[in-house]
Amino acid sequence: GGNGFEVTGANGDNYRLTDNQVHLNGGVFSSNFFGINFSASISNNNHLDNNNISGVSTITGGTPFTINCAIHLQPFGSEVSLCENTVDKAKYGLHFPGQSDYPVISENDIHDHSSGMRIENGVELGYHDGSGNRWLGSYVDWAAQKVGALAPSPLLPITVRFWVPESNT
C-alpha cells in the first residue's frame, strides 16, 4: 500500500495520531494510498488530531489526485476524535466507509478533493452543526456526500448532518 499511518486491530485504547505531516507525492492515483487509515475496533479514547495530510495532483489517471483518502475512518465500536486536521488533494478528504459510532469531528480544514467528505451508506455520524469544520477548497464532485439514506428507515431521525459551508452561529 501507500499509507502514511495505518491502525488496525481490536481492544486497544488511547491511540494517538497527533501533530503529523503526511505528504504522499507519487504521480499516479492508487486506491491503496491513504494518509491515515484508522480501522481499530472496540477501542476507547482515540485521537486523530492536528494532522496535516496531503497528496498532489495526478499526472495521468481517472482521478485528479494521487491518494484515495486523506483520512479513512472505519473504527467499529470505537470512540474517536477527529479534530483540527488539514486535508488536501485526495479523492476523499475525510472518508467514512463503515460504522463510526458518532465520532467528534470538528475544526478540520478541508481543501481540494474530488469529495471533501464522503459518508457511505449505513454510516451514522450524528449532527455536526456549528462544529467549526471549514470547507476551503474546490471539489470535483461534492464538498460533502452521503451515499444512501439519511436515516436507517423513514420513521427514524436523520443520523448524519453537516452544513456546508458551515456557520458557527
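Predicted model only: the values in this text are computed from it and were never measured.
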From CH2 (W135) to CG (N108), nearest 0.5 Å:
8.5 Å
In short, A90 meets F65 closest at the heavy-atom pair O-CD1, 3.4 Å
Could you check whether any side-chain heavy atom of S57 comes within less than 4.5 Å of a side-chain heavy atom of P64, counting everything from C-beta outward?
no
Is any side-chain heavy atom of I71 closer than 4.5 Å to one of N85?
yes
Hey, mind stepping through N44 and N14 against side-chain contact (heavy atoms from CB on, under 4.5 Å) and telling me if it holds?
CA-CA 6 Å; N44 295 311; N14 304 307; over 6 Å; no
Between N52 and T86, a side-chain donor and acceptor under 3.5 Å:
no
Whether F34 and H72 hold their rings parallel, tilted or perpendicular, with breakpoints at 30° and 60°:
tilted
Please report the interatomic distance CZ(R16) to CG(N46), rounded to the nearest 0.5 Å.
7.5 Å
The residue among K146, Q74, H95, Q145 that forms side chain to side chain donor-acceptor pair (under 3.5 Å) with E120 is H95
Does any non-hydrogen side-chain atom of S115 lie less than 4.5 Å from one of Y139?
no
Interatomic distance, L136 atom CG to D112 atom CG [nearest 0.5 angstrom]:
9.5 Å
Say you draw a straight line from CG of N68 to CG of L24; how long is it, rounded to the nearest 0.5 Å?
11.5 Å
Applying side-chain hydrogen bond (donor to acceptor under 3.5 Å, both in side chains) to H23 and S54, what does each step give before you reach the verdict?
CA-CA 5 Å; H23 182 70; S54 63; 2.7 Å; yes
Any I110 side-chain heavy atom under 4.5 Å of L94 side chain:
yes
When you compare the side chains of D13 and N45, does any donor N or O come within less than 3.5 Å of an acceptor on the partner?
no
